[in-house]
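I have placed the structure first, in the form of structure tokens, so that the comments after it can refer back to it.
The analysis underlying the following values was restricted to heavy atoms, covering all of them including side chains, and did not include hydrogens, waters or symmetry mates. This is a predicted model, so every value here is computed, not measured. Lettering of chains follows the sequences in order, A, B, ..., and the numbering in each one begins at 1.
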Protein chains: 2
Amino acid sequence: MITASEENYLKSVFKLSEKDKSVSTNDLAQSLGTTPASVSDMVKKLSEKKLLAHQPYKGVKLTQAGKKIALDIVRKHRLWEVFLTQTLEMKWDSVHEIAEQLEHIQSQDLIRKLDAFLGYPRFDPHGDPIPDENGKIEERKTILLGEAKKGAVLLLAGVLTDNSDFLQYLDQQQVRIGSRLTVLEILPFDKSVSLSTGKKQITFSALVCQQLLMMEEV
Amino acid sequence: MITASEENYLKSVFKLSEKDKSVSTNDLAQSLGTTPASVSDMVKKLSEKKLLAHQPYKGVKLTQAGKKIALDIVRKHRLWEVFLTQTLEMKWDSVHEIAEQLEHIQSQDLIRKLDAFLGYPRFDPHGDPIPDENGKIEERKTILLGEAKKGAVLLLAGVLTDNSDFLQYLDQQQVRIGSRLTVLEILPFDKSVSLSTGKKQITFSALVCQQLLMMEEV
DNA sequence: AAAATAATTTAGGTTTGCCAAAATTATGAT
DNA sequence: ATCATAATTTTGGCAAACCTAAATTATTTT
Ligand SMILES: [Mn+2]
Ligand SMILES: [Mn+2]
Ligand SMILES: [Mn+2]
Ligand SMILES: [Mn+2]
């Protein structure tokens with residue numbers, strides 16, 4: 001038996017994992033909104049369960065078993081987000097919080113049927129890929145808008161944060177997943193970028209550009 | 001803040017409440033699959049929160065505030081059951097367990113949108129009425145099949161248990177909510193009832209008949 | 001009206017997940 | 001190499017929700 005809290009820890013380790021590096025106690029505490037002491041407690045438990053590999057004072061990595069569970073939670077989270085936006089027509093800035101609850105509902109059958117009902121979507125409303133039942137994730141070649149060159153024509157493939165204010169702002173600018181953006185100018189002073197959406201012209205700060213994943217037109 | 005466990009206690013009190021009678025500690029323990037000692041603990045807490053009115057050694061009743069919460073949980077449970085059967089096409093014998101989890105998801109907006117998406121259903125897949133947002137429940141005149149007279153022609157309006165085996169059995173007999181049943185014979189020996197479904201003839205034991213809510217054709 | 005039985009509450013204890021403060025280990029600066 | 005700082009772990013403790021066993025109160029039987 002695995003608890004909702006344990007699932008959240010595994011999911012956070014997964015999200016903070018880069019390449020083969022281990023995840024630090026402090027980063028985990030930050031990501032989970034808890035304290036380093038609590039993380040040490042839970043890390044001990046999850047290591048005993050062989051879901052995390054822990055090197056004291058050096059951080060943790062997911063084991064195979066731990067990664068499997070993490071991917072399953074991510075899958076459920078993203079499928080529910082698709083359901084909330086597509087089926088119930090909720091806004092993309094309000095679904096994350098609810099999906100944080102729904103991702104812990106336990107029923108294989110339910111998720112399989114939900115997946116089928118939604119038509120086996122491969123990306124969630126924020127452009128994040130949805131792992132399949134075996135934990136396989138579709139890879140795409142993407143760059144940050146902040147790395148694009150002048151004149152580039154790119155599609156918005158994803159956003160790197162679920163922050164509600166940020167998503168509402170994009171909505172307001174009529175920028176959403178799939179939007180075609182043309183880089184008109186990159187200001188040397190602050191690296192802010194002026195763009196054409198086809199309909200109008202907008203400027204994004206460098207900070208915003210670091211959150212936008214872009215891809216080539218297919 | 002109210003926990004899932006507290007919600008379950010309030011729901012159980014609601015379900016066990018008859019007329020103006022109070023609900024006993026033992027009955028609650030039975031219904032919740034826990035011990036009388038645990039019930040006493042929780043009853044104390046919920047009384048302090050003014051959600052239950054407790055007379056020591058005499059049982060509990062819901063306060064107005066407690067009833068409001070209980071009805072809200074029941075509403076969510078039944079709406080999710082409709083979603084699972086109608087939208088995801090799950091069987092009516094498998095949705096109860098999952099709805100027990102989904103009923104604790106916290107989001108007014110979600111439930112309102114789910115209700116709208118489902119077309120404001122008034123009954124769940126087992127024929128139980130769905131309270132509206134104000135906790136109002138639609139009343140119907142129903143009788144148990146066990147109380148019907150020979151020759152009566154009645155529609156199945158609901159079932160009194162979510163027991164999976166029982167529901168599967170009804171499915172097998174092609175008896176579901178809305179089925180028209182004609183009482184052919186009531187055996188004096190064991191009060192079992194033979195019926196016509198229109199297509200075929202079946203016999204239900206007295207125990208089964210005590211679980212079937214019937215109503216007059218509209 | 002006692003005594004026996006049943007229902008309920010209380011006492012004492014466990015597990016899970018959390019925290020603040022103290023102790024330990026690692027890392028960066030001198 | 002030593003010292004200072006930062007990161008991590010350990011210690012001791014708390015609250016929620018549960019349990020068993022013991023004590024208390026209510027109800028039924030004699
Ligand atoms: Mn999300
Ligand atoms: Mn997402
Ligand atoms: Mn149910
Ligand atoms: Mn039901």
Side-chain angles (χ1 to χ4, degrees), chain A residues 1-18 21-62 66 69-70 73 100-101 103-106, chain B residues 1-18 21-62 66 69-70 73 100-101 103-106:
Chain A
M1 260 308 303
I2 188 153
T3 68
S5 189
E6 290 173 331
E7 288 181 343
N8 283 334
Y9 273 84
L10 294 176
K11 190 179 54 154
S12 276
V13 175
F14 175 76
K15 286 197 173 171
L16 294 175
S17 290
E18 284 174 18
K21 283 195 281 200
S22 30
V23 176
S24 78
T25 302
N26 264 5
D27 286 357
L28 265 175
Q30 167 113 51
S31 157
L32 288 158
T34 179
T35 63
S38 302
V39 173
S40 277
D41 279 355
M42 185 62 97
V43 159
K44 188 183 294 172
K45 191 170 23 146
L46 291 175
S47 298
E48 277 160 10
K49 287 192 178 187
K50 308 281 186 202
L51 299 175
L52 290 181
H54 183 217
Q55 287 206 295
Y57 293 98
K58 299 284 182 170
V60 293
K61 286 179 192 169
L62 287 167
I69 293 172
I73 302 301
E100 289 285 306
Q101 300 178 60
E103 71 190 7
H104 301 293
I105 302 292
Q106 307 237 340
Chain B
M1 260 307 304
I2 188 154
T3 67
S5 188
E6 290 174 331
E7 288 181 343
N8 283 334
Y9 273 84
L10 294 175
K11 190 179 55 154
S12 276
V13 175
F14 175 76
K15 287 197 173 170
L16 294 174
S17 291
E18 284 173 19
K21 283 194 281 199
S22 26
V23 176
S24 77
T25 300
N26 264 5
D27 286 357
L28 265 176
Q30 166 114 50
S31 157
L32 288 157
T34 180
T35 62
S38 301
V39 172
S40 277
D41 279 356
M42 184 62 96
V43 159
K44 189 183 294 170
K45 190 170 23 148
L46 291 175
S47 298
E48 278 159 9
K49 287 194 179 186
K50 308 283 186 202
L51 300 175
L52 289 181
H54 183 215
Q55 287 206 296
Y57 293 97
K58 298 286 182 169
V60 293
K61 287 179 193 170
L62 287 167
I69 293 171
I73 302 300
E100 289 285 308
Q101 300 177 61
E103 71 190 7
H104 301 294
I105 301 292
Q106 308 241 347

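- Separation of atoms CG (A/L51) and CD (A/E6) is listed at 7.5 Å; rounding is to 0.5 Å.
- When rounded to the nearest whole Å, the span between NZ of A/K49 and C1' of C/dT15 equals 12 Å.
- B/S40 comes within 4.0 angstrom of a nucleotide base, judged by non-hydrogen atoms across all strands.
- We find that CE of B/M1 is positioned 14 Å from C1' of D/dA15, with the value rounded to whole Å.
- Taking each heavy atom of A/T35 and A/A29 in turn, the nearest pair found is C-CB, 3.6 Å.
- Whole-Å rounding puts the B/Q55 CD to D/dA26 P distance at 11 Å.
- Side-chain atoms of A/T3 lie closest to C/dT16 of the nucleotides D/dC19, C/dT16, D/dT27.
- Side-chain atoms of B/S40 do not come within 3.5 Å of backbone N or O of B/T25 as any donor-acceptor pair.
- For C/dC18, one of the phosphate oxygens OP1 or OP2 lies less than 4.0 angstrom from a side-chain nitrogen or oxygen of A/Y9.
- B/S22 contributes atom OG, which lies 7.0 Å from atom CD of B/Q55 (distance to the nearest 0.5 angstrom).
- Comparing A/M42 and A/P56 by the nucleotide of DNA chain C whose heavy atom lies nearest to each, the residue mapping closer to the 5' end is A/M42.
- For the segment residues 21-37 of chain A, the set of residues with a heavy atom within less than 4.0 Å of an atom of DNA chain C comprises A/T34, A/T35, A/A37, in numerical order.
- Protein atom CG of A/D41 is 11 Å distant from nucleotide atom C1' of D/dG12, rounded to whole Å.
- Residue B/E48 contributes atom CD, which lies 13 Å from atom C1' of D/dA16 at whole-angstrom precision.
- Closest of all the heavy-atom pairs between A/Q101 and B/H104 is OE1-O, 4.2 Å.
- In this structure, B/K58 places its NZ atom 11 Å from P of C/dT9, rounding to the nearest Å.
- When rounded to the nearest whole Å, the span between CD1 of B/I2 and C1' of D/dA16 equals 14 Å.
- Of the side-chain N and O atoms in A/H54, one or more sit less than 4.0 angstrom from OP1 or OP2 of D/dT9.
- As a whole-Å value, the separation of A/K44 NZ from D/dT8 P is 16 Å.
- Within the 4.5 Å cutoff, no side-chain heavy atoms of A/H54 are placed close to those of A/K44.
- One finds no side-chain N or O of A/S5 lying less than 4.0 angstrom from the OP1 or OP2 phosphate oxygen of C/dT16.
- You'll find that the side chain of B/Y57 is closest to C/dT9, out of C/dT25, C/dC18, C/dT9.
- When all heavy atoms are compared, the tightest approach of A/G66 to A/L10 is O-CD1, 4.3 Å.
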